[in-house]
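Quick note: numbers below take in every heavy atom, side chains included, and nothing from hydrogens, waters or symmetry partners.
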Amino acid sequence: MPEPSSRESRGAVAGTGMGGAMDLAAGEAATLERVPGGPAGGGPDSRPRSLWSDAWRDLRRNPVFLLSGLVILFLVFISVWPSAITSGNPLDCDLAKAQDGSSPGHPFGFDGQGCDVYTRTVYGARTSVTVGVCATLGVALLGSVLGGLAGFFGGAWDAVLSRITDVFFAIPVVLGGLVLLSVVTSNTVWPVVGFMVLLGWPQISRIARGSVITARQNDYVQAARALGASPARLLLRHIAPNAVAPVIVVATIALGTYISLEATLSYLGVGLKPPSVSWGIDISAASPYIRNAPHALLWPSGALAITVLAFIMLGDAVRDALDPKLR
């Protein structure tokens, strides 16, 4: 009987690791020679996906996210480079053209002061986006830190912070703005941003506190604590990455709320003040002329509504992607 070739013997016999050998079928022997990264191995397609990779995959397939994202990108673009789509000056007004309708080069017409409504609408996006983004970042940072520490350490710190948040929840936002901002004479956005952060952090703090309390009870946190991990490592490495998703969802939805709040305060005369350019200021100025020049009220109001709706839709899409219960 002919001797089997060396390659066939290697393919048909595999060491058991105990000094013996076992016979394998040809298919099983070929399996041993496959590279682990191949189709049957642990290739990229078979790697376990994290919450964030799953969320990004769902967001890319969500038309609501894509539509709202395009609108927001356009708003950010005109906020940074308004001169890209308009060459006018928002403060250049001509009383001789007051309340005039659309004309060549001025598609939105003129307001009661003879200012180009199109130019002021474009430049008003910068104020709204700046206030919304800065207020959201400040609220998310302050609320996450305070709420995360309260949920992690508990005890007296948690009790004191809970009572403080109850006090802030009892303050009506618009009434608080009327009282606090009525004494401010600055024409910049920072007093408005500071007011929003001051009254907005309790909501994020509650969300962060609940997420941290839930995350710290997981087995991987208990295992890390048993292995001697410090409180800072537990909070930053193990708890925060798994508790930040609800904070991101609430902050994204709240961003649109802060934009509408800035417009409301500016409309009431305690937010931004002329010569600042804001949709709220333009809406307030156009309200008395709604019968004679409705276009001066329609365009800034429509821009405000579309912006707020885009951020709310974006927050809903992010919530659907990050919430496992909605999968």
So, taking the atom named [atom1] in [X] and the one named [atom2] in [Y], what distance separates them when rounded to the nearest 0.5 Å?
X: Y220; Y: H238; atom1: OH; atom2: NE2; answer: 9.0 Å
X: L66; Y: M313; atom1: CG; atom2: CE; answer: 10.0 Å
X: D282; Y: T127; atom1: CG; atom2: OG1; answer: 9.5 Å
X: I213; Y: R209; atom1: CD1; atom2: CZ; answer: 4.0 Å
X: Q99; Y: R291; atom1: CD; atom2: CZ; answer: 13.5 Å
X: Q222; Y: L234; atom1: CD; atom2: CG; answer: 9.0 Å

**Request:** Test I259 against every option in V131, T136, L304, V129 by the side chain to side chain contact (heavy atoms under 4.5 Å, CB included) rule and name the one that passes.
**Result:**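 The residue from V131, T136, L304, V129 that satisfies side chain to side chain contact (heavy atoms under 4.5 Å, CB included) with I259 turns out to be L304.
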Grouping I, L, V, M, F, W and Y whenever their side-chain heavy atoms are under 4.5 Å apart, do [X] and [Y] come out in a common cluster?
X: V189; Y: F195; result: yes
X: L261; Y: W190; result: yes
X: V179; Y: L198; result: no
X: W56; Y: V64; result: no
X: L67; Y: I306; result: no

Indicate yes or no: at least one non-hydrogen side-chain atom of [X] is less than 4.5 angstrom from one of [Y].
X: W157; Y: L146; answer: yes
X: K273; Y: I281; answer: no
X: Y258; Y: V139; answer: yes
X: S144; Y: V244; answer: no
X: D158; Y: F153; answer: no
X: L181; Y: P191; answer: yes
X: F65; Y: D316; answer: no
X: F110; Y: C115; answer: no

Under 3.5 Å, is there a donor-acceptor pair between the side chain of [X] and the main chain of [Y]?
X: N218; Y: V221; value: no
X: T165; Y: S162; value: yes
X: W279; Y: T121; value: yes

**Item:** Y118-D116 side chain donor-acceptor pair, cut-off 3.5 Å
**Value:**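 On atom types as modelled, these side chains do not qualify, holding no pair under 3.5 Å.
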**Asked** Going by distance alone, is a donor N or O of one side chain under 3.5 Å from an acceptor N or O of the other, for T86 and T119?
**Response**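 T119 and T86 do have a side-chain donor-acceptor pair below 3.5 Å.
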Taking every non-hydrogen atom, the tightest pair across [X] and [Y]:
X: L180; Y: V183; value: O-CG2, 3.3 Å
X: R120; Y: S276; value: NH2-O, 4.0 Å
X: V71; Y: A310; value: CG1-CB, 3.8 Å
X: I171; Y: G176; value: CG2-CA, 4.3 Å
X: H295; Y: F108; value: CD2-O, 3.1 Å
X: A208; Y: G143; value: CB-O, 4.1 Å

**Asked** More than 12 heavy atoms of other residues, nucleotides or ligands under 6.0 Å from CD1 of I85: is that the case?
**Response**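 Above 12, so yes.
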**Asked** Considering residues, nucleotides and ligands other than W201, do more than 12 of their heavy atoms fall under 6.0 Å from its CH2?
**Response**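 Yes, CH2 of W201 has more than 12 neighbouring heavy atoms, counting only those of other groups under 6.0 Å.
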**Request:** Name all residues meeting the side chain to side chain donor-acceptor pair (under 3.5 Å) criterion together with D166; count only those two or more places apart in sequence or in a different chain, and write none if there are none.
**Result:**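 For D166, the residues satisfying side chain to side chain donor-acceptor pair (under 3.5 Å) (neighbours in sequence not counted) are R163, R206.
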Show the atom names and distances, to 0.1 Å, of all donor-acceptor pairs under 3.5 Å that link a side chain in residues 245-256 to residues at least two apart or in another chain.
| residue | atom | partner | partner atom | Å |
| --- | --- | --- | --- | --- |
| T252 | OG1 | I248 | O | 2.7 |

Show me, pair by pair, the donor-acceptor contacts under 3.5 angstrom made by side chains of residues 262-272, not counting sequence neighbours?
| residue | atom | partner | partner atom | Å |
| --- | --- | --- | --- | --- |
| E262 | OE2 | S266 | OG | 2.9 |
| E262 | OE2 | S278 | OG | 2.8 |
| T264 | OG1 | S260 | O | 2.8 |
| S266 | OG | E262 | O | 3.0 |
| S266 | OG | L272 | N | 3.2 |

**Message:** Is there a side chain to side chain contact (heavy atoms under 4.5 Å, CB included) between D320 and L59? Walk through the geometry before answering.
**Reply:** CA-CA 9 Å; D320 295 342; L59 287 174; over 6 Å; no
